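Read the structure below first, then the notes.
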Amino acid sequence: VVVESAIDFLPLHIYQSPRERYVFPLDWELALAQPEVAWSIQEYKLMALFARAGYLADDALVTTRLLCDADEFAVLESAHHQWLERRVRTDSTWSVTPVEGGSSRLWLVRRRGLRSCAGISAEEPLVHPDRAAADR
């Protein structure tokens, strides 16, 4: 389950059972593009820092890597974040449907057609390359 909000993600991550996996999407460009969400840049930096320090294991993924690797996943949508709206719904590669019997915030995302990950390296950076030096 991809969780758009760090506030929603952290308790789910901490208390998840071994059968469950919650993932936070690291998306620097989207953080910058959401001026209406004043904390989006700070939230990104905090989650990237946690990931670099090893606290999140493999549960914080750069958006390009997450979308390249997945064929199907669920998204727990947040009213104040726009990851699902701007990264998935606007891309015809994906179909989005509500999860039956789930919360109105839970969506099932399925890839349409074949996977194409051209130009995406196996080791995507956790921070935007232009910001990596400034964050150190």
Side-chain angles (χ1 to χ4, degrees):
V1 177
V2 176
V3 183
E4 291 185 324
S5 164
I7 301 262
D8 292 334
F9 171 79
L10 287 171
L12 292 170
H13 174 74
I14 290 168
Y15 298 111
Q16 69 187 341
S17 76
R19 296 179 305 124
E20 300 168 327
R21 180 159 186 229
Y22 297 97
V23 177
F24 182 81
L26 290 169
D27 195 317
W28 179 246
E29 285 79 19
L30 187 58
L32 291 175
Q34 296 186 97
E36 68 278 6
V37 182
W39 64 88
S40 62
I41 293 171
Q42 290 82 1
E43 182 178 72
Y44 171 90
K45 287 184 174 185
L46 178 67
M47 297 302 283
L49 178 65
F50 284 166
R52 279 195 306 263
Y55 294 121
L56 299 179
D58 295 325
D59 295 335
L61 298 173
V62 175
T63 290
T64 52
R65 179 86 267 145
L66 191 158
L67 294 177
C68 178
D69 289 347
D71 289 323
E72 180 178 287
F73 55 93
V75 176
L76 181 60
E77 189 176 26
S78 167
H80 301 292
H81 293 74
Q82 295 291 311
W83 187 84
L84 178 67
E85 195 62 38
R86 294 186 185 187
R87 290 294 186 236
V88 178
R89 289 184 192 267
T90 59
D91 184 344
S92 63
T93 305
W94 303 101
S95 73
V96 180
T97 56
V99 171
E100 197 172 310
S103 159
S104 61
R105 298 173 47 204
L106 193 59
W107 300 90
L108 181 61
V109 178
R110 289 191 174 115
R111 182 181 302 278
R112 293 180 183 146
L114 299 175
R115 185 183 304 184
S116 173
C117 299
I120 298 175
S121 73
E123 293 297 322
E124 284 287 319
L126 287 177
V127 295
H128 188 275
D130 295 339
R131 295 292 307 165
D135 288 346
R136 291 185 188 153

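The model shown is predicted, which means the values in this text are computed figures rather than measured ones.
Counting heavy atoms from C-beta on, the side chains of Leu108 and Phe73 never come closer than 4.5 Å. The side-chain heavy atoms of His13 and Phe50, taken from C-beta on, include no pair separated by under 4.5 Å. Taking the side chain as every heavy atom from C-beta outward, Arg111 and Trp94 approach each other to under 4.5 Å. Between Val109 and Leu84, some side-chain heavy-atom pair lies under the 4.5 Å cut-off. The side-chain heavy atoms of Leu76 and Leu12, taken from C-beta on, include a pair separated by under 4.5 Å. Residues Arg105 and Asp8 have side chains in contact (heavy-atom distance under 4.5 Å, counting atoms from C-beta outward). Proximity of Gln16 to Asp59: side-chain heavy atoms (C-beta onward) are separated by under 4.5 Å at one or more points. Within the 4.5 Å cutoff, the side chain of Trp28 has heavy atoms near those of the Lys45 side chain.
Nearest heavy-atom pair across Ala6 and Pro11 is O-CD, 4.5 Å. The nearest pair of heavy atoms linking Leu26 to Ala48 is CD2-N, 3.8 Å. Glu43 and Ser5 make their closest contact through OE2-C, 4.1 Å (heavy atoms, listed as atom of the first residue, atom of the second, distance). Here the closest heavy-atom approach between residue Leu56 and residue Ala60 is recorded as CD1-CB, 3.6 Å. In plain terms, the two heavy atoms of Val3 and Phe9 that are nearest each other are CG1-N, 3.5 Å.
Trp39 CH2 to His81 NE2: the interatomic distance, rounded to the nearest 0.5 Å, is 6.0 Å. Atoms CG and CG, on Asp91 and Leu67 in that order, are 7.5 Å from each other to the nearest 0.5 Å. One finds the OG1 atom of Thr63 at 3.5 Å from the CG atom of Asp27 (value rounded to the nearest 0.5 Å). With values rounded to the nearest 0.5 angstrom, Arg89 atom CZ is found 5.5 Å from Glu77 atom CD. To the nearest 0.5 Å, atom OG1 of residue Thr97 and atom CG of residue Leu106 are 10.0 Å apart.
There is a path of hydrophobic side-chain contacts, each under 4.5 Å, that joins Met47 to Leu32. Hydrophobic cluster membership is shared by Val75 and Val96, with clusters built from Ile, Leu, Val, Met, Phe, Trp and Tyr side chains linked at under 4.5 angstrom. Using a 4.5 Å cut-off between side-chain heavy atoms of Ile, Leu, Val, Met, Phe, Trp and Tyr, with links allowed through other members, Val23 and Ile7 fall into different hydrophobic clusters.
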Candidate pair Glu4 and Glu85, rule side chain to side chain contact (heavy atoms under 4.5 Å, CB included), full reasoning: CA-CA 10 Å; Glu4 291 185 324; Glu85 195 62 38; 6.0 Å; no

Show your reasoning for whether side chain to side chain contact (heavy atoms under 4.5 Å, CB included) applies to Ser40 and His80. CA-CA 9 Å; Ser40 62; His80 301 292; over 6 Å; no

Run the numbers on Arg21 and Asp58 for side chain to side chain contact (heavy atoms under 4.5 Å, CB included), then give the verdict. CA-CA 10 Å; Arg21 180 159 186 229; Asp58 295 325; 3.8 Å; yes

Run Tyr44 and Leu30 through side chain to side chain contact (heavy atoms under 4.5 Å, CB included) and show every step you take. CA-CA 10 Å; Tyr44 171 90; Leu30 187 58; over 6 Å; no

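With Arg86 contributing its side chain and Ala33 its backbone, the two residues share a donor-acceptor pair below 3.5 Å.
For Trp83 and Phe24, the ring centers sit 6.0 Å or farther from each other.
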